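Here the structure is laid out as structure tokens; the discussion comes afterwards.
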Amino acid sequence: MDALDVLWRLLAVLLAFLVLPLLVGQAEHKAMAHMQGRVGPMYAGGFHGWAQLVADGVKFAQKEDIVPSGADRRVFQLAPAVALLPYLVVLIVIPVGDGDMVGQVVDAGVFFVLAVMGVGVLGSLMGGWASANKFSLLGGLRTAAQLMAYELPMLLAAASVAMAAGTLSLPGILDAWQWWWLPWQIVGGLVFFTAGLAELQRPPFDAPVADSEIIFGAYTEYTGLRFALFLLAEYAGIVVLSALTAVLFLGGWHGPFADTLGWVWTLLKTAVLAFVVIWLRVSYPRLREDQIQRVAWTVLVPLALFQIALTGVVKVVIQ
């Protein structure tokens with residue numbers, strides 16, 4: 001791999017990182033406008049509200065950048081970057097198509113992406129702790145509790161796919177993937193996707209940012225572009241979660257004419273899952289904090305353990 005090839009791959013990953021989260025944000029505006037009858041996002045700029053995302057960007061850029069007097073200034077300012085950048089790192093190792101259509105192959109890719117995604121959640125913890133605000137601190141503590149509860153089922157669900165493929169490499173998992181994996185890995189896929197939603201604090205698992213209870217959780221004191229970076233991190237997390245779910249459980253680039261259109265299948269599956277994330281926000285009410293913990297420990301963890309046991313049985317029978 002020469003320097004030019006490395007540069008090309010990095011530029012492609014950076015372009016995806018800059019464009020895909022914005023597309024998800026625009027899609028969320030439009031989907032929620034249609035589902036909830038919101039007028040603004042459908043008329044901003046004229047045709048179908050095309051300028052809504054631009055208007056939001058200008059609004060955030062014009063807002064005053066405020067740091068609370070009692071805040072830990074360095075940690076407060078660093079938190080948005082800590083929340084956003086890990087998703088850029090994860091995109092580097094997600095395969096888009098067959099062959100070399102991946103930024104960098106990592107042998108322990110499954111563990112790598114899960115570990116780096118966990119770092120992203122630390123941005124919310126840092127922001128909540130450094131804001132010198134009791135509501136922000138409470139939101140940060142809820143984020144910590146949610147991370148500890150849902151990291152385990154997410155890891156167990158991903159481990160079941162790694163067991164089935166016999167490798168921790170994401171391209172290796174796709175090379176080993178077969179269409180008949182779908183029925184007996186679907187439970188693990190649901191567990192993985194649900195746990196990812198909880199780690200991203202997306203509805204109905206958005207108790208850490210419950211505006212009706214704690215203003216806006218760890219982000220209460222953030223304004224302007226720093227607040228926009230947290231929102232961008234949320235949309236980047238949706239892209240990463242949807243892409244990982246598509247790669248691990250839906251076959252990624254596998255589909256008709258995969259040799260030439262594999263990358264299209266990956267993007268299509270990712271887009272459908274991202275729409276499901278948006279749909280859930282509109283459709284379901286927020287769970288209480290105790291309900292969120294109960295779902296993790298009494299539902300998702302047993303289901304993930306069942307999926308691992310099922311994978312072991314299937315592997316033994318096949319061999």
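Remember, it's a predicted structure, so these values are computed and weren't measured experimentally.
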Answer yes if the side chains of Tyr219 and Ser131 hold a donor-acceptor pair under 3.5 Å, and no otherwise. no

Are the side chain of Thr143 and the backbone of Leu125 linked by a donor-acceptor contact shorter than 3.5 Å? no

Could you tell me whether a side-chain N or O of Gln104 sits under 3.5 Å from a main-chain N or O of Ile92, the two making a donor and an acceptor? no

Validation row: [X], [Y] side chains within 4.5 angstrom (heavy atoms):
X: Leu170; Y: Leu244; value: yes
X: Leu156; Y: Gln307; value: no
X: Thr245; Y: Thr270; value: no
X: Leu15; Y: Leu20; value: no
X: Ile173; Y: Val247; value: no

Within a 6.0 Å radius of atom CZ on Phe60, are there more than 12 heavy atoms belonging to other residues, nucleotides or ligands? yes

Look at atom CH2 of Trp179 and say whether more than 12 heavy atoms of other residues, nucleotides or ligands are closer to it than 6.0 Å. no

Please evaluate residues Val314 and Val317 with respect to the criterion side-chain contact (heavy atoms from CB on, under 4.5 Å), reporting the C-alpha separation (whole Å), side-chain torsions for both, the decisive distance (0.1 Å), and the verdict. CA-CA 5 Å; Val314 173; Val317 170; 5.7 Å; no

Test Phe193 against Phe249 for ring pair (Phe, Tyr, Trp, His ring centres under 6.0 Å), laying out the working first. CA-CA 10 Å; Phe193 190 67; Phe249 298 96; 9.9 Å; no

Determine the interplanar angle of the His254 and Trp177 rings, folded into 0 to 90°, and report it as parallel if under 30°, tilted if 30 to 60°, perpendicular if over 60°. tilted

Report the relative orientation of the aromatic rings in Phe275 and Trp279; use parallel for angles under 30°, tilted for 30 to 60°, perpendicular for over 60°. tilted

Please name the pair of heavy atoms, one in Pro153 and one in Ala304, separated by the smallest distance, quoted to 0.1 Å. O-CB, 3.9 Å

Looking only at heavy atoms, which two atoms of Ala164 and Lys315 are closest? And how far apart? O-NZ, 3.3 Å

State yes or no: do Leu155 and Leu200 share one hydrophobic cluster built from I, L, V, M, F, W and Y residues joined by side-chain heavy-atom distances below 4.5 Å, directly or via other members? yes

